[in-house]
Amino acid sequence: MRIILHVWRQKNAQSPGKFERYERPEVSPDMSFLEMLDVLNEDLVNKNEQPVVFDHDCREGICGACGFVVNGIAHGPEDGTTVCQLHMRKFKDGDELYLEPWRAKAFPLVRDLLVDRSALDRIIQAGGYITAPTGTSVDANNILVAKPDQERAMDAAACIGCGACVAACPNASAMLFTSAKVTHLGNLPQGQPERLDRVEAMVATMDKEGFGSCTLIGECSAACPKSISMDSIARLNGDYIRATFVKRPLELSGQGSG
Amino acid sequence: MELNAKVPSGPIEKSWDKHRFDLKLVNPANKRKYNIIVVGTGLAGGAAAASLGELGYNVLAFCYQDSPRRAHSIAAQGGINAAKNYQNDGDSVWRLFYDTVKGGDYRAREHNVYRLAQVSVNIIDQCVAQGVPFAREYGGQLANRSFGGAQVSRTFYARGQTGQQLLIGAYQAMERMVGLGKVKQFTRHEMLDLVVIDGRARGIITRDMVTGKIERFIADAVVLATGGYGNNFYLSTNAKGCNVTATYRAYKKGAGFANPCFTQIHPTCIPVAGDHQSKLTLMSESLRNDGRIWVPKDKGDKRAPGQIPEDGRDYYLERRYPSFGNLVPRDVASRAAKAVCDEGRGVGPGGLGVYLDFSDAVKRIGAAGVAEKYGNLFQMYEKITGEDPYSVPMRIYPAVHYTMGGLWVDYNLQSTIPGLFVLGEANFSDHGANRLGASALMQGLADGYFVIPYTIGDYLARGGWEKTTTDHAEFKKVEDDVTGRIKKLLGVKGKRSPDSFHKELGKLMWDNCGMGRNAKGLQENLKRIPALREEFWKNVNVTGEAGELNQQLEKAGRVADFLEFGEVICMDALDRDESCGGHFREEHQTEEGEAKRDDEKFMHVSVWEHQGEGKAPVRHKEPLKFEYVKPAQRSYK
Amino acid sequence: MSWTLKFWDSTVGKKVLMALTGAAGFVFVIGHMAGNMQVYLGRDQINAYAHFLHEKAGLLWVVRIALLAAVGLHVLSALQLQLIKRAARPVRYQKPGIIQATPASRTMIFTGLLLAWFLLYHLAHFTWGNAHPAFRELDAYNNIVTGFQHVPSSVFYIVCMVLLGLHLGHGGNALFFSLGLVHPKYRQAVRAITYALMLLVVIANISIPVAVLAGVLKI
């Protein structure tokens, strides 16, 4: 089938970008979206032109590296799917597709469809973990986890950190990403000691990185390739309220440990 | 090349404890004086960076991806083995050790495998403490499932995303240390060479993949956790970025490369759909618990699967291996699939596929029951192929998945270059000639969390190298090599893309060094690969420039190394004139077509030593002794 | 930074404040609507209600100040968040797309600002009387009927009540998320009750100008 692509081309963050039109006369419906771009790039290289830059790695929908916007929809039109798992049979002959990078202040553009998502790493660094240095653990079955808690934790832990939630949100908010981690760890008994400190630190970093605020319109969850639920956002908000109004400050006796 | 494995003496059950006691320690206040480079941030590298940072070392962690969390460990689906015996079904450290040595077809080092089985129990504890959401029973205890090559339930899992969850655990631990300043993280940095000073690994040269800047990094020790080289075959289940460059560069700097021909072909992958195919997707081994594998009895039977009656089908695994049936180990299942396709009984386009049929399971437990167990895998299959596996049988075919070979390491995971440690899939030690399912995650985490933190301390405590800086002449020399090579790649300005060379190399590797290998094909490859390499350096077209984000340049550098390393794989495959595990030399098979080992001549690790450009490498041997598990012909009948 | 400032400074804290003040506003419009409904009970009833409110001047002012503060905080937070949101996406999509978000949820800032403007007009219309053609102090019935007999005013009120409905429909549900009060057991019920209350307020309020124009309510 024939597909017309308009791909956002931008050499780097400083230079201006624009859509470049590419006609793909022979697209196989069995191709993945990225394979379609591979073939385009192969043609461009053979014509001595610069191939389209996009991030990708596992191509199984789990590493979270890939992602761009297809006709305004992060990861394209199929629900619960990364763009690497989106196949061309989803489109029809003659379709015109506009490809744009994730657009957010917190995700500076690097080149073409590739952006810098290190802000998400910094949110995790702020508190998206359980402090459990290697060797400090007790026998695994000493920590019992109720099945519903484990399932809820797993639902949220399925986040692949691709940034589609930020891209899909009109406000470029990272609430779904941040709250998925808060929900994953906060549902587990191991995550309780740091639960309230975690949410405060992660929210502070999220704000500092320049993400927008959440207006609960649900585009993030709809675009999420792992369909992370909006409930995690409610959970984050609840924990944040507790952290602000209920948590006791750390009171050190000043006696030292001797 | 001296191959001293430094295996402790005494009974195997005590050897790791004894060894740990014998290792020298670095006192806590001194740890902050040491810098350690960790390349790769998958299970092994991420776990190592976190653990070493927690101990107090200064860690510099590198990965080519935009975040450490994207390393390909993330794609592991099925689970992780551990000898917890939570199911009360007779599992033990000894049994896991035994199964792993047997599964590896007696080509692994016993003491390493025993240690792996021992620390497997600590891994589960550690991961649970970090918040890995393993599957649970209603009572809140951990759940288990079974995997190929074992008769106990010892596999821990988190839905079909075990690798993801374990990696996220290690990543979070590592990010915590980044936040505390003990680990410095360098993403989108590709290691392009190793710097060896006075015989010791002292640093690396990297390329910043965003700016193209070539940088020098110095440390007291270098840890490589850069994964396997399955992408030498172009099509594999590896991520697109996986490459051999780090380990191959170390090899060229003097590290021995062990058993490069030991590659694992996974039996259940989605078949190739066309020339555009860029990678292959695995369907978890767990599907073989309920799916039945078959092909038509008659050659060239082109009827739709539903039209072929029961007596027109050949359930060849159940026929050939009545006791293990569809759950034989990976190497056996892959070869059997190849055999029926070679007979012309394969299904789907090109005849390269066999059916994995769930209709009996749907009858037995209903479509809902099947969905509960394998829903996400079925969904993934449908997305990729556009076929509904509930009504039409899946089509599957074997694909390159894992490489058991890797840089040679001793019991301390140190390579033949002092100060260069190698972890996870990048080393060779634990899986012999075939890896059992759910053991890769176990090994990566064992090396990262529970081995390297002890053994690297011993190396550092012994000292003996001089303080120097990145201004050292050797750093300059290696950096010049790296920039020279990049210039050369960009300067060819030929007619063919790097990818086209990669595809051609992959086809040669798959055809002549894949599931079945013979002397003739391997010799042919040893002629054709150098010729292809020559063409590459004359005719490759790398667009763009060095000082910018340039994915073609990245690709070209990796392909250049694959073109050299492919030859080493074939040399090793030719040299190992026996069949064992995943290495199947067609000249050596039993009457039923099973792999036939030659313990007399080949009960050793083959370690290849680079001799300089244009010279054939030399093969050394580390003899293997089996004191605890007596080698026997593997039988799954 | 003190914990209160820190809370205020965070986007999540601001959203919590918006939820709380929004909830107060929601409760107020329900009460306000209920009070207004007395217009159907006749001139004496509604005027007696107006007198009753005036006699409790102290209480009335407490409520007024509280409401004013709520509206002020709500609007201030909204405007500050709006600046943050705009800054978070400096380059907009050339080809935007939406998967499922409702128009109401995407236009909260616009409906909100229009309602703020309406609020001023409404006060000038029925409380201060300076925007009313025939305002009579404490004769609520007269003010309502004569006010709504002016067709453009009535149409404007009806339009604004539809906007109020959109604003309350999204806000009324979202505030439970912002306050962390989401539970699968009550999800459906909360949604149903919020929408029912929103519709009740809108329909009841719109009924008054409609009744005036239809001649059901007259001097």
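The structure presented is a predicted model; accordingly, all values stated were derived computationally and were not measured. Computed over heavy atoms, backbone and side chain alike; hydrogens, waters and symmetry mates excluded. Convention: sequence-line order gives letters A, B, ...; per-chain numbering from 1.
For a residue to count as touching a neighbouring chain, one of its non-hydrogen atoms must lie under 4.5 Å from one of that chain's; by this rule B:Ile168 touches chain A with the side chain only. Neither the backbone nor the side chain of B:Leu445 comes within less than 4.5 Å of any heavy atom of chain A. For chain A, the nearby parts of B:His276 are the backbone and the side chain; heavy atoms of each come within less than 4.5 Å. With a 4.5 Å cut-off on non-hydrogen atoms, B:Ser73 does not touch chain A at all. If you measure heavy-atom distances from B:Lys279 to chain A, the contacts under 4.5 Å come from both the backbone and the side chain. Contact of B:Lys493 with chain A is not made at all, since no heavy-atom distance falls under 4.5 Å. Looking at B:Gln126, both its backbone and its side chain come within 4.5 Å of chain A, counting heavy atoms on both sides. At a 4.5 Å heavy-atom cutoff, the contact between B:Glu54 and chain A is made by side-chain atoms alone. Looking at B:Gln185, the atoms closer than 4.5 Å to chain A (heavy atoms on both sides) all sit in the side chain, from C-beta outward. For B:Gln141, the parts lying under 4.5 angstrom from a heavy atom of chain A are both the backbone and the side chain. At a 4.5 Å heavy-atom cutoff, the contact between B:Tyr86 and chain A is made by side-chain atoms alone.
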Go through A:Lys11 and B:Glu548 one step at a time and tell me if the salt bridge (Lys or Arg N to Asp or Glu O under 4.0 Å) criterion holds. CA-CA 9 Å; A:Lys11 196 170 161 53; B:Glu548 61 179 358; 2.6 Å; yes

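Atom CG of B:Asp275 is surrounded by 12 or fewer heavy atoms from other residues, nucleotides or ligands within 6.0 Å.
Ring-plane geometry between B:His189 and B:Phe186 is classed as perpendicular, the angle between the planes exceeding 60 degrees on a 0 to 90 degree scale with a lower cut at 30.
Residues A:Lys226 and A:Ile160 have side chains in contact (heavy-atom distance under 4.5 Å, counting atoms from C-beta outward).
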